[in-house]
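See structure below.
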Amino acid sequence: MEYFSLQGNAPNVSFEEAVVRGLAPDRGLYFPAQIDTLPPSFFEGIEELDNSEIAFSAIQQFVGEEIPKQTLRSLVDEVLSFDFPVLPIEPSVHSLELYHGPTLAFKDVGARFMARCLGYFNSQNANTKVTVLVATSGDTGGAVANGFYDVEGVEVVILYPSGKVSDIQEKQLTTLGKNITAMEVNGTFDDCQEMVKRAFLDKDLEGKRSLTSANSINVARWLPQMFYYFFAYKQLKHLGKPLVFSVPSGNFGNICAGMMAHHIGLPVHHFVTGTNANKVVPEYLRTGLYEPQPSVATISNAMDVGAPSNFIRIQELYQNDLEALRKHLSGYSFSDQATRETIQLLHSEKNYIAEPHGAIGYMALKKYLEQRTDLTGVFLETAHPVKFIDVLPEEVAPDVRLSEEIKTLLTKEKQSIPIQTYDQLKAYLSQ
């Protein structure tokens, strides 16, 4: 499999090089040069397959022969060591819970997959050392830290916006030590992401660091997120109604992976993106004008992204045709007040505890399903409510149980390096 840069000014590369580079030399995101659909027989018999078989079938074409099939199967088995339950919330509305992994967030799948791919490539090139440089608006940092912890030949540097992630999120990425370094940026997620992109293109760092990213800009973080759309379809196929997925979106890697799953054959009627006050994409779908904005802080902090990197991949999937995209994607934005009210409603009327991102996914789904009874809707619950207990309504928070692991985590001492400028990051990477 070859990958090309969406900027169009860099040579095509292999899967391995796309993973190791993260970002193309022209600052473009890598995209598969060829996309093949799975045969109809795969979906006809999907109920008979286990999750590992489904995931292997979905990802194999994007890896090609660069990881032996048996090794890739084992790798996928290791990644998918937890459940992906679909729970009924009300008639025609279901929650797909993606927080049953080690860091209680949907990003565990992509982070674990990428870490194992990079570990395999490093094992084939013993002298190669890689620095994973990643920006996080919340859950990515913890998932990457956990996924890459103590992986030989890999150092991880995580940038996160000071005061703009939850206490649990911060502890997950600042307390591991060893090969994990956290840098606390005086700024927003967009500032963190811009620093990461600048470092990739900084000629002064060439020869000093082999940099890659574990944000969803990296193909090995982005593509495995297809898996749980297949898992949800498997669990709901028996209902016999077309599926609608509602995805709370920030950097748009998750929903883009779902759309890729659709492009390789997964039967999906429609996608819905729910955003908070950072509503660049819903506004684009409404007006046709794509205008990135400075990010706005909200209680759904993992979606506080004013310039979503992965949206260019969605545009590529639909050949930059806005009308074609509108046929497959709808978008709605919601305020913090509406989010809190919805969390309360789900708790009191549905006996379900949602966190802010999942609540936005639920609201967006309900908006799309108005007066539609012929569809089955699924909203993605992307993180465990315990990670956002500090912003949950006071009527809801007491019912969220803290596991012993979380209680222990909160007692650990944070270790981070405060920075304000790119030059400070560059100085650290130049050591």
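Small disclaimer: the values here were computed from a predicted structure and weren't measured. Side chains included, hydrogens not; waters and symmetry mates left out as well; all remaining heavy atoms used.
Taking a cutoff of 4.0 Å between a charged side-chain nitrogen and a carboxylate oxygen, Lys203 and Glu206 qualify as a salt bridge. Between Arg112 and Glu78 no salt bridge is recorded (no basic side-chain N to carboxylate O distance below 4.0 Å). Taking 4.0 Å as the cut-off between side-chain N and carboxylate O, Lys178 and Asp150 count as a salt-bridged pair. Contact check on Lys197 versus Glu194 returns no salt bridge, with no Lys/Arg side-chain nitrogen under 4.0 Å from an Asp/Glu carboxylate oxygen. Of the charged side-chain nitrogens involved, none lies within less than 4.0 Å of a carboxylate oxygen, so that Asp304 and Lys164 do not count as a salt-bridged pair.
Side-chain atoms of Glu66 come within 3.5 Å of backbone N or O of Phe15 as a donor-acceptor pair. A donor-acceptor pair under 3.5 Å is formed between the side chain of Lys171 and the backbone N or O of Leu410. Although no hydrogens or angles enter the test, the distance criterion places a donor-acceptor pair under 3.5 Å between the side chain of Asp190 and the main chain of Ser295. Without hydrogens or angle criteria, Ser216 side chain to Trp222 main chain gives no donor-acceptor distance under 3.5 Å. Within the 3.5 Å criterion, the main-chain N or O of Asp50 finds a donor-acceptor partner in the side chain of Glu53. For the pair Gln319 (side chain) and Leu317 (backbone), a donor-acceptor distance under 3.5 Å is absent. Counting only distance, with no hydrogens or angles, the side chain of Gln235 and the backbone of Val86 share a donor-acceptor pair below 3.5 Å. In this structure, the side chain of Thr212 engages the main chain of Val19 through a donor-acceptor pair within 3.5 Å. Proximity of a side-chain donor or acceptor of Tyr3 to a complementary backbone N or O of Phe62 within less than 3.5 Å is detected. Judged purely by atom type and a 3.5 angstrom limit, Lys237 uses its side chain to pair as donor or acceptor with the backbone of Glu44.
Within the model, atoms CG of Asn218 and CG of Leu133 stand 12.0 Å from one another, a figure rounded to the nearest 0.5 Å. We find the CD-OG distance between Glu155 and Ser210 to be 12.0 Å, quoted to the nearest 0.5 Å. To the nearest 0.5 Å, the span separating CD on Glu316 from SG on Cys256 amounts to 10.0 Å. Annotation: the span from Asn276 atom CG to Thr298 atom OG1 amounts to 3.5 Å, rounded to 0.5 Å. A distance of 10.5 Å separates OH in Tyr422 from CG in Leu159, rounded to the nearest 0.5 Å. In this structure, Leu322 CG and Lys327 NZ are separated by 11.0 Å, a value rounded to the nearest 0.5 Å.
Among all heavy-atom pairs drawn from Phe230 and Ala58, the shortest one is CE1-CB, 3.9 Å. In this structure, Phe148 and Ala214 approach most closely via the heavy-atom pair CE1-CB, 4.2 Å. Considering all non-hydrogen atoms of both residues, Val134 and Val196 come closest at C-CG2, 4.0 Å. Nearest heavy atom pair, residue Ser213 against residue Phe200, reads CB-CZ, 3.2 Å.
Residues His270 and Tyr368 place their aromatic rings such that the two centres sit under 6.0 Å apart.
Atom NZ of Lys367 has 12 or fewer neighbouring heavy atoms from other residues, nucleotides or ligands inside a 6.0 Å radius. Heavy atoms from other residues, nucleotides or ligands lying under 6.0 Å from NZ of Lys241 number more than 12. Around the NZ atom of Lys279, the shell of radius 6.0 Å holds no more than 12 heavy atoms that belong to other residues, nucleotides or ligands.
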Would you please test Asp336 and Thr339 for side-chain hydrogen bond (donor to acceptor under 3.5 Å, both in side chains) and show each step? CA-CA 5 Å; Asp336 280 353; Thr339 303; 4.9 Å; no
Pair His328-Tyr318, ring pair (Phe, Tyr, Trp, His ring centres under 6.0 Å): steps then yes or no: CA-CA 9 Å; His328 293 90; Tyr318 293 94; 5.1 Å; yes
side-chain hydrogen bond (donor to acceptor under 3.5 Å, both in side chains) between Gln193 and Ser309, worked out: CA-CA 9 Å; Gln193 187 162 251; Ser309 292; 3.3 Å; yes
Which is it for Leu223 and Phe113 under the side chain to side chain contact (heavy atoms under 4.5 Å, CB included) test, yes or no, and what are the steps along the way? CA-CA 10 Å; Leu223 288 167; Phe113 183 82; over 6 Å; no
From CA spacing to verdict: salt bridge (charged side-chain N to carboxylate O under 4.0 Å, His left out), Glu170, Lys414: CA-CA 8 Å; Glu170 186 173 43; Lys414 166 182 134 179; 3.1 Å; yes
Thr103 vs Gln172, test: side-chain hydrogen bond (donor to acceptor under 3.5 Å, both in side chains). Steps then yes/no. CA-CA 8 Å; Thr103 71; Gln172 285 182 324; 4.9 Å; no
Apply side chain to side chain contact (heavy atoms under 4.5 Å, CB included) to Gln315 and Asp321, showing your working. CA-CA 7 Å; Gln315 291 174 307; Asp321 184 335; over 6 Å; no
Could you give me the CA-CA distance, side-chain angles and deciding distance for Val154 and Leu118, then say whether side chain to side chain contact (heavy atoms under 4.5 Å, CB included) is met? CA-CA 8 Å; Val154 180; Leu118 208 51; 4.2 Å; yes
For a side-chain hydrogen bond (donor to acceptor under 3.5 Å, both in side chains) check, start with the C-alpha distance between Tyr229 and Asn254, then their side-chain angles and the critical distance, and finish with the verdict. CA-CA 10 Å; Tyr229 295 91; Asn254 198 0; 3.3 Å; yes
Hey, mind stepping through Val244 and Val378 against side chain to side chain contact (heavy atoms under 4.5 Å, CB included) and telling me if it holds? CA-CA 6 Å; Val244 175; Val378 181; over 6 Å; no
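No side-chain heavy atom of Ile419 sits under 4.5 Å from any side-chain heavy atom of Tyr428. In this structure, the side chains of Leu96 and Glu381 stay at 4.5 Å or more apart for every pair of heavy atoms. The side-chain heavy atoms of Met259 and Leu325, taken from C-beta on, include a pair separated by under 4.5 Å. The shortest distance between side-chain heavy atoms of Leu239 and His94 falls below 4.5 Å. Side-chain contact between Ile46 and Ile54 is present, with at least one heavy-atom pair separated by less than 4.5 Å. Looking at Pro385 and Tyr99, their side chains come closer than 4.5 Å, going by heavy atoms from C-beta outward. Counting only heavy atoms from C-beta outward, the side chains of Asp204 and Lys426 approach each other to under 4.5 Å. The side-chain heavy atoms of Met183 and Pro418, taken from C-beta on, include no pair separated by under 4.5 Å.
The aromatic rings of Tyr284 and Phe311 stand perpendicular to each other, their planes meeting at an angle above 60°, with 30° marking the opposite boundary. Aromatic ring orientation, Phe388 versus His357: tilted (interplanar angle from 30° to 60°).
Shown are Tyr332, Phe379, Phe245; of these, the side chain to side chain contact (heavy atoms under 4.5 Å, CB included) with Val272 is made only by Tyr332. Checking Val386, Leu104, Leu402 one by one against Ile168, the side chain to side chain contact (heavy atoms under 4.5 Å, CB included) holds for a single residue, Val386.
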